[in-house]
Number of protein chains: 2
Amino acid sequence: MQYDSTMEFPGTSKLSQRYGKEIVNYYGGSPLNRLSFLRSKPAFLRAALRQGRFLLLNNLNALLASSSHLALLTYDEASGLVGSVYELTDEEVVENYDSSKKVLPTVLFLGVDEEYVLEDGKDAEVVFEGGYKGRPYFAVDVSELVERGELPPTLLGRGWEWLKQGLQLGIVMREAAILAQARSLLDWNARNQFCAGCGSRTVSVQAGSKRVCPPKDRADGARERPQCATRSGIHNVAFPRTDASVIMAIISYKGDKLLLGRQSRWPPSFYSTLAGFLEPGESLEDAVRRETWEESGVRVAHVRIHSSQPWPYPANIMIGCIGEALENGEHIWLGHDPELQDARWFPMEEVKEALGRAKLTLGDTVPKANENGGEEEVRLRVPTATAIAHQLMLAAVNDWEAGLGVDPKT
Amino acid sequence: MQYDSTMEFPGTSKLSQRYGKEIVNYYGGSPLNRLSFLRSKPAFLRAALRQGRFLLLNNLNALLASSSHLALLTYDEASGLVGSVYELTDEEVVENYDSSKKVLPTVLFLGVDEEYVLEDGKDAEVVFEGGYKGRPYFAVDVSELVERGELPPTLLGRGWEWLKQGLQLGIVMREAAILAQARSLLDWNARNQFCAGCGSRTVSVQAGSKRVCPPKDRADGARERPQCATRSGIHNVAFPRTDASVIMAIISYKGDKLLLGRQSRWPPSFYSTLAGFLEPGESLEDAVRRETWEESGVRVAHVRIHSSQPWPYPANIMIGCIGEALENGEHIWLGHDPELQDARWFPMEEVKEALGRAKLTLGDTVPKANENGGEEEVRLRVPTATAIAHQLMLAAVNDWEAGLGVDPKT
């Protein structure tokens, strides 16, 4: 497991003294400045392209240079793939929309790495007149080229390989955050080729981070298309979606046990924190109470939000919380929602021990244990430090060790 | 302003002793148990209908019984509006899909109020064999009936009125949370009549909380429709979307000032916390740092998540954070993104004073001040307690008063 961070934001501060250090979860902590307000400026984008580094994705799987690093192409290597992207303004793209023309591969502008320094020790070149500088990063969806066998084989001739299907947790932390952004946004583009308000085709603008339902189609004589809900109001479906989910370490009323659950497809003895998606018109705190009750029957009172983790499978934000069971709410009942195979209260001591030897992530393939048991002791297994679940369990254990297990009424 | 909560979760606990009380923001703290796992059970839904209370929405504006309470119809009053909804299983709805047939009004099952007690002091009747009991709530989209003049006028004969367009912050807290759920979910249904993956019509299932892209259409001889991205993978667009946004009280490095900004359309002297939407593959903490820099030029180091607020205009979750500026990062520069008209550091004393006389919300219409100034002193104005912005400012002021303004290095 490559993992190059203490998962704590560096330095101390008044906030960290009061509330504890800020936790930086895997896929978070991006080194890029997204410069989102420059996505609509073709002159900036064209200048950035020429100094850019390009990440290729094939069906959302990134091209890797090694098991822990992304493969990044120079502009010379990638120019044949990106073609004449960013030639037009967004207004021109929408005005010239023609459904009879071929859709180009999606090219995303991800941002600039401001800390990048050239090999001669100088800062990276200024990429735009505004004084914004750094190494620009782009992502290119090459799925169709790969499918048609049109990707130049020289690109893959350096031992570079497509990441295999599945979770991508071996990439070093800074690059994992870049991958998370690219993957979530390309997935959204692929799934939103049509307008949910009227069923017509959409078109990519703002360097891949927005899709528009064009009011006219040149293939159709540029007649006005019918009114569409997507073109009115502020909740424009043409903005990328990220689905919010809560994930929660629930401590017992006395603070000495932790509630963990397991799904039937997980490896033997593997348990993790409960989790679920936020519902419309629901607070995160209420979602923690609802999901915990639905999945385990346990009733939760107070909830505290801990930290967050982008989860690009395909586009979630996981919001980690610590919750506390009601005094009489600890009874486990799996009968509401059949999502979990088991849920159980584990003593903090046992969780602490399991964290110390945690080597599995939810994405790992693990050989089935000997069904007959054998002589090996079956002990609790929990996710590794790259999972926010691990960080939440750790926070709960640390709280317990700091004396949070004392009943507040005594 | 109707406001019936201290905005703090009741009682004390180990968590609240350690981190402070849990804040319940307006639109949060729903009294309903959503019983989401029963949305696919027609027998439950039909039983619940008969004991239900029905909230009507016309173009997302709720029917009100007074300025602070929702109008809630009985089943006898609403049965003509909901017709024979929930007769079929979801599988049958998808199997029988026929695009030539009229689309019925969307009827949402919102959940049950478990604390509801009958007037004779007994618990509400059991609504289903599983033992789930309470008063069921539903929401009905009557926009089309109103437009065609087909809504029975007797329904509006008790002084009931449609809430006027705009923010709905006068409803008592428990009912506001019910409204938030109904409004967000109806808006999503209205905007997702077509599949974003293939452009075909979608159909409502799970009591209004999911939409399916049917694989066959009986109007078309029930031929298989082409493969569609929406029907594969876990990121099914047919689930409702909620857009995550961050809103942040940024304190100065010394902790003695607060960063606030204003938009040009706001009333004179009105300032609030900065805010913005989460981007794909981004942590909430990174989003706070990015948005603060984009809008104000201020560079933020540590971030702590504080609490959340559902915001049904139309379907956002606002995640409130406290952030701290870098020692040399406090310079304000509005030139990146022209979203704010002004941003400024306010001394905590001035913010505290403004909080004490806060009467405005962002949704209120406020008369323009005398442009000539006059004799009235122009003082800082900030949002009222129903806005999470107010709660974040309050938290920052409380931290300052508790001595957080002391430099940690001294």
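Per chain, numbering begins at 1; letters A, B, ... match sequence-line order. Just so we're clear, the structure is a prediction, and the values are computed from it rather than from any experiment.
- By the 4.5 Å heavy-atom criterion applied to side chains, B:E339 and A:F37 are not counted as neighbours.
- A distance of 12.5 Å separates CZ in B:R191 from SG in A:C198, rounded to the nearest 0.5 Å.
- Here A:L185 is the residue among A:L185, A:I251, A:T202 with the most heavy-atom pairs under 4.5 Å with chain B.
- Side-chain contact between A:W293 and B:N33 is present, with at least one heavy-atom pair separated by less than 4.5 Å.
- Of the listed residues (A:G28, A:P310, A:G29), the one with the most heavy-atom contacts under 4.5 Å to chain B is A:P310.
- Contacts between A:A301 and chain B at a heavy-atom distance below 4.5 Å involve backbone atoms as well as side-chain atoms.
- Per-residue heavy-atom pair counts under 4.5 Å with chain A were compared for B:H306, B:H336, B:K21, B:Q181, and the maximum is reached by B:H336.
- Checking side-chain atoms of A:Q193 against main-chain N and O of B:G197 turns up no donor-acceptor pair under 3.5 Å.
- When heavy atoms are compared at a cutoff of 4.5 Å, A:R201 does not approach chain B at all.
- The part of B:I317 that comes within reach of chain A is its side chain, from C-beta onward, which places non-hydrogen atoms under 4.5 angstrom from that chain.
- Residue A:M318 holds its CE atom at 13.5 Å from OG of B:S283, rounded to the nearest 0.5 Å.
- The line from CZ of B:R304 to CG of A:L15 is 8.5 Å long, rounded to the nearest 0.5 Å.
- No donor-acceptor pair closer than 3.5 Å links the side chain of B:D243 to the backbone N or O of A:R241.
- If you measure heavy-atom distances from A:S36 to chain B, the contacts under 4.5 Å come from both the backbone and the side chain.
- A:R39 is linked by a salt bridge (charged side-chain N to carboxylate O under 4.0 Å, His left out) to B:E279, counting only residues two or more places apart in sequence or in another chain.
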List the steps, then state whether side chain to side chain contact (heavy atoms under 4.5 Å, CB included) holds for A:L284 with B:I319. CA-CA 8 Å; A:L284 297 169; B:I319 300 153; 3.7 Å; yes

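- Side chains of A:S308 and B:E285: a donor on one and an acceptor on the other come within 3.5 Å.
- Ranked by heavy-atom pairs shorter than 4.5 Å toward chain B, the options A:A244, A:S307, A:C321, A:P338 are led by A:S307.
- Remark: A:R290 engages A:E282, A:E294 in a salt bridge (charged side-chain N to carboxylate O under 4.0 Å, His left out) (not counting sequence neighbours).
- Within the model, atoms CG of A:L32 and CG of B:D286 stand 10.0 Å from one another, a figure rounded to the nearest 0.5 Å.
- For B:I178, no part lies under 4.5 angstrom from a heavy atom of chain A.
- Expressed to the nearest 0.5 Å, how far OG of B:S200 lies from CZ of A:F194 amounts to 8.0 Å.
- Residues B:S13 and A:E324 come closest through the heavy atom pair CB-OE1, 2.6 Å.
- Shown here for A:R34 and B:G281, the closest heavy-atom pair between the two residues is NH2-O, 3.2 Å.
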